[in-house]
Structure formats: structure tokens, C-alpha cells
Amino acid sequence: MNKASLLRPQSTTRRQLPVTTRQLLRARFTPSFPASTSMFPDSTVPRAVLVFVVISISVLLLYGAADSLRFQSSSSGYSFNIFPSLRNSNNGDSKLSINDDGDDDYKLEKVLKEAAMEDKTVIIATLNEAWAAPNTIIDLFLESFRIGQGTRRLLNHLVIVALDRKAYKRCMESHAHCFALVTQGLDSHDEAYFMTPAYLEMMWRRIDFLRSVLQMGYNFVFTDADIMWFRDPFPQFYLDADFQIACDHFSGNSSDIQNRPNGGFNYVKSNNRSIEFYKFWYSSRESYPGYHDQDVLNFIKFDPFIEDLGLKMRFLDTAFFGGLCEPSKDLNLVCTMHANCCYGLDSKLHDLRIMLQDWKTFLSLPPALKRSSSMLWRVPQNCSLNSLRRYDSPEKSVQQSLQQ
């Protein structure tokens with residue numbers, strides 16, 4: 001067969017069945033009703049059938065649209081579901097009702113809308129059972145907002161994403177905006193030790209979830225719960241950045257990709273560039289198996305795709321956004337302090353409590369003494385800076401290979 005015959009329109013004439021065969025088929029598949037039992041005149045039966053079909057299709061479409069509102073990840077192998085109503089829990093606590101209007105699913109869109117600022121920005125923190133227990137991480141985290149300068153009002157915009165049922169219960173008891181998120185096949189209630197499989201799964205689940213928040217049109221500040229909020233950070237953010245992130249080590253230049261970012265704190269604006277970046281970040285886990293999201297970010301920040309994407313990435317100064325890896329040296333400037341470079345929940349709790357007490361001591365000083373204060377943090381103590389510090393950062397080998 002030549003090309004001309006391939007391009008020639010094919011005949012649409014159908015082979016006709018013999019008349020007798022057509023009559024037999026029509027008789028077999030066409031129901032006949034006695035005149036005395038017909039509900040409609042002959043001319044109205046097709047119209048009634050058509051109406052019934054249209055209504056049926058409409059109902060199915062509405063059902064599918066409602067079901068699609070249930071949050072599910074579209075780019076990962078995980079299935080994200082929200083907890084069913086805890087209204088029938090054993091202890092009968094009415095506070096555990098997910099939604100007062102009887103809806104058994106607490107929709108992410110509803111929580112984000114209630115917590116969002118005017119520009120659709122929310123603050124997001126994740127929480128599991130180990131960090132939600134009384135007198136532990138979540139209590140210190142919320143206390144920092146209450147005693148910080150200009151931070152109490154930000155609690156109105158904080159969404160706590162609970163990764164298990166007990167964390168959700170604790171959130172409902174202590175905070176206004178809670179979202180219950182569970183990943184089928186994963187158990188998030190225990191402490192996820194650094195670089196264990198459970199830790200890696202939790203970190204990557206977080207990246208995929210945040211990508212979904214961006215796709216819903218919301219900007220976010222993501223914060224680990226072991227970060228203390230001492231001042232409103234928004235005045236220190238860069239206005240022109242799509243993605244800005246805190247650092248374990250800051251070089252002094254916010255545009256220098258040699259900075260070593262920490263995925264526990266970042267501010268991201270929702271746009272096509274940031275959405276595609278998060279998709280790329282998440283998919284890159286397959287290129288670097290066994291690494292967590294922060295290490296993979298250190299790899300891909302050198303990738304030409306980031307430049308081609310046009311993503312404006314900035315790194316936050318540790319003078320304002322410090323941590324135990326590189327503490328903020330001036331309490332007159334500090335906005336947040338992170339219990340990074342710290343292994344184990346008990347060590348984190350010990351040093352975070354001292355950190356909060358140092359802040360309270362600073363606040364108690366007279367204004368003149370605050371401005372001239374040379375007061376320094378008394379931490380780290382139980383946290384070891386050498387336990388997680390990497391002097392030969394993994395991104396160096398990647399950068400060298402890209403330059404070859």
C-alpha cells in the first residue's frame with residue numbers, strides 16, 4: 001500500500017444486512033407492550049428514556065465530582081486520605097467530631113480557606129504522635145508563638161497536619177486549624193529516627209503534600225514543629241522569590257547556591273514555577289535513592305532544569321533564621337530558631353526548653369538593655385553539632401560532575 005492510499009479517506013459505507021435479518025434483530029431487541037399497559041403514548045417513550053439517561057448521567061457526574069474533592073496525591077505512589085469522623089470514638093469526646101455539619105471528611109480546602117491570610121498564605125506544620133504527646137514538641141512550638149513578638153496572631157493562620165490519629169486528637173484539643181492526613185501502608189505514630197526508612201517516607205510524603213497545597217493556589221510557610229517562632233518572619237522574606245529556604249550554613253549571599261539549605265523551614269509562593277519545581281524535587285527521589293529531601297535538594301539545586309524553569313530561589317540568613325547548626329548571634333534580630341543538628345527527641349526537648357527560657361530572659365530585660373545586650377544562647381547542650389554535620393557536603397560531587 002502506497003502513501004497515497006494511506007491518506008485517502010476511507011469509505012464509510014457499511015455492509016447492509018439482508019432485510020429479513022434486520023427485521024429479526026429489531027424484533028428481538030425492541031420490547032413490545034400491550035396497548036392497555038403502556039404508560040406513555042408511543043411518541044413519548046423515547047423522550048422519557050432520554051430524560052432518564054440524562055438524569056442518571058448527571059447523578060454519576062455529581063458523585064464523581066464530590067469524590068474527587070477527597071485529597072489524593074496525583075504524582076506519587078501513595079494514597080492520601082483524611083480520617084473518617086471520630087464522632088463514635090470510645091471515649092465519647094464530642095471535640096473529636098471532625099466536622100460539626102456532619103461531613104465525615106475534613107476537607108483540606110476547607111481548612112486552608114479558614115486559616116489563610118488575605119493573599120492565600122498559610123503556615124503549615126506536620127505532627128505525629130511522638131511529637132504530640134503532652135509536655136513535648138507541640139507544646140513548646142505553640143508556646144513560642146504565644147510569647148514571641150508579633151507571632152501570637154500568626155496562630156490564626158497555622159495549619160497543623162496530623163500524620164496519625166493521636167496527633168490529630170491532640171491538635172483538636174489545643175489548636176483551631178487541624179488537618180488529618182494518613183498515608184495508606186505507613187505508620188507515623190512513633191518517632192521517626194533520622195535516615196531510617198520511616199523518616200525518609202515521612203520526608204517525601206511531606207514534599208508531595210506541599211506540592212498539592214501549591215496546586216490548590218495557596219502560598220505557604222512550612223515549618224518543622226521543632227522550630228521556635230520568636231518574631232514575625234514575614235518582614236525578612238524576599239519579595240521577588242518563588243522559593244526561599246532556611247540554611248544549616250549561610251555563606252553570606254542569599255543567591256549563592258553553595259548555601260546549605262534546611263528543608264524544615266521555607267516560604268513558597270504558588271505559581272507554575274514553584275509547582276513544577278516541587279514535582280521535579282519529588283520525582284528526583286528516584287534518581288537519588290536512599291537520600292532524604294534535603295540532600296536531594298542539595299543535588300538538584302545545581303541542575304540546569306532549575307535555571308530553565310526560571311525559579312527564583314533565595315537562601316535565608318541564619319542571623320534571622322538560625323538553628324543549632326548555626327545559631328543566630330543577635331537576639332534583637334532572631335525570628336526563628338531550629339533544633340537542627342540534633343539527634344533524638346529527648347535531646348531536642350532538653351535544648352528547646354533552654355532556648356525558650358533564654359528568650360524569656362531576654363524579653364524580661366529593660367528596652368535599653370535589650371538593644372545593647374550581648375546575650376547568647378546557652379544551647380546546644382544535649383544536642384551535638386557533630387552528630388549530623390557534614391563537612392563534605394554531598395552536593396559538591398554533583399556540582400563537580402555537572403561542570404565536567
Would you name the heavy atoms of [X] and [Y] that are closest together and state the gap between them?
X	Y	answer
C383	S347	SG-O, 3.5 Å
Y238	L316	CE1-CD2, 4.0 Å
I137	L349	N-CD2, 3.6 Å
A339	L352	CB-CD2, 3.8 Å
F362	K370	O-CE, 3.3 Å
S284	I300	OG-CG2, 3.6 Å

Does atom NZ of K113 have more than 12 heavy-atom neighbours, drawn from other residues, nucleotides or ligands, at distances under 6.0 Å?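 Not buried by this count: 12 neighbours or fewer within 6.0 Å.
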Atom NZ of K120: over 12 foreign heavy atoms under 6.0 Å: yes
Pair F141, T223 - check side chain to side chain contact (heavy atoms under 4.5 Å, CB included), show working. CA-CA 10 Å; F141 178 65; T223 173; 3.9 Å; yes
Whether [X] side chain and [Y] backbone form a donor-acceptor pair below 3.5 Å:
X	Y	value
D295	H292	no
D164	A167	yes
R231	V334	yes
E326	G323	no
T151	I147	no
N156	R153	yes
N128	L163	no
S283	F280	yes

[X]-[Y] aromatic ring centre distance below 6.0 Å:
X	Y	result
Y282	Y278	no
F315	F250	no
F265	W229	yes

Side chains of [X] and [Y]: is there a donor and an acceptor less than 3.5 Å apart?
X	Y	answer
Q215	R211	yes
Y218	E109	yes
D256	S251	yes
N259	H249	no
T121	N219	yes

Please determine if [X] and [Y] form a salt bridge, counting it only when a charged side-chain N lies under 4.0 Å from a carboxylate O.
X	Y	answer
E143	K360	yes
R260	D248	no
D224	K348	no
E276	K279	yes
D119	K269	no
R314	D242	no

If you round to the nearest 0.5 Å, how far is [atom2] of [Y] from [atom1] of [X]?
X	Y	atom1	atom2	value
H350	C342	NE2	SG	10.5 Å
L181	R206	CG	CZ	13.0 Å
L127	R170	CG	CZ	8.5 Å
L333	D317	CG	CG	9.0 Å
F237	N266	CZ	CG	9.0 Å
M375	N332	CE	CG	11.0 Å

Carefully, step by step, assess C325 and C341 under the rule disulfide (SG to SG under 2.5 Å). CA-CA 5 Å; C325 297; C341 289; 1.9 Å; yes
Would you say that [X] contacts [Y] through its side chain, given a criterion of any heavy-atom pair below 4.5 Å between the two side chains?
X	Y	value
S254	Q244	no
F179	I124	no
F320	S328	no
L108	V159	no
H177	E114	yes
L324	W377	no
W131	I138	no
F234	L154	yes

Please step through side chain to side chain contact (heavy atoms under 4.5 Å, CB included) for the pair L140 and M228, ending with a clear verdict. CA-CA 8 Å; L140 301 178; M228 302 295 99; 4.2 Å; yes
If you apply the rule side chain to side chain contact (heavy atoms under 4.5 Å, CB included), what do you find for M337 with F230, and how did you get there? CA-CA 8 Å; M337 274 284 286; F230 296 132; 4.0 Å; yes
Pair I245-V268, side chain to side chain contact (heavy atoms under 4.5 Å, CB included): steps then yes or no: CA-CA 9 Å; I245 187 168; V268 189; over 6 Å; no
Using the test ring-ring contact (aromatic ring centres under 6.0 Å, His included), find all partners of F277 that sit at least two apart in sequence or belong to another chain. F243, W281
Qualifying residues under salt bridge (charged side-chain N to carboxylate O under 4.0 Å, His left out), relative to D351, sequence neighbours excluded: none
What residue pairs, at least two apart or across chains, pass disulfide bond (SG atoms under 2.5 Å apart) with a residue in residues 116-172? C171-C178
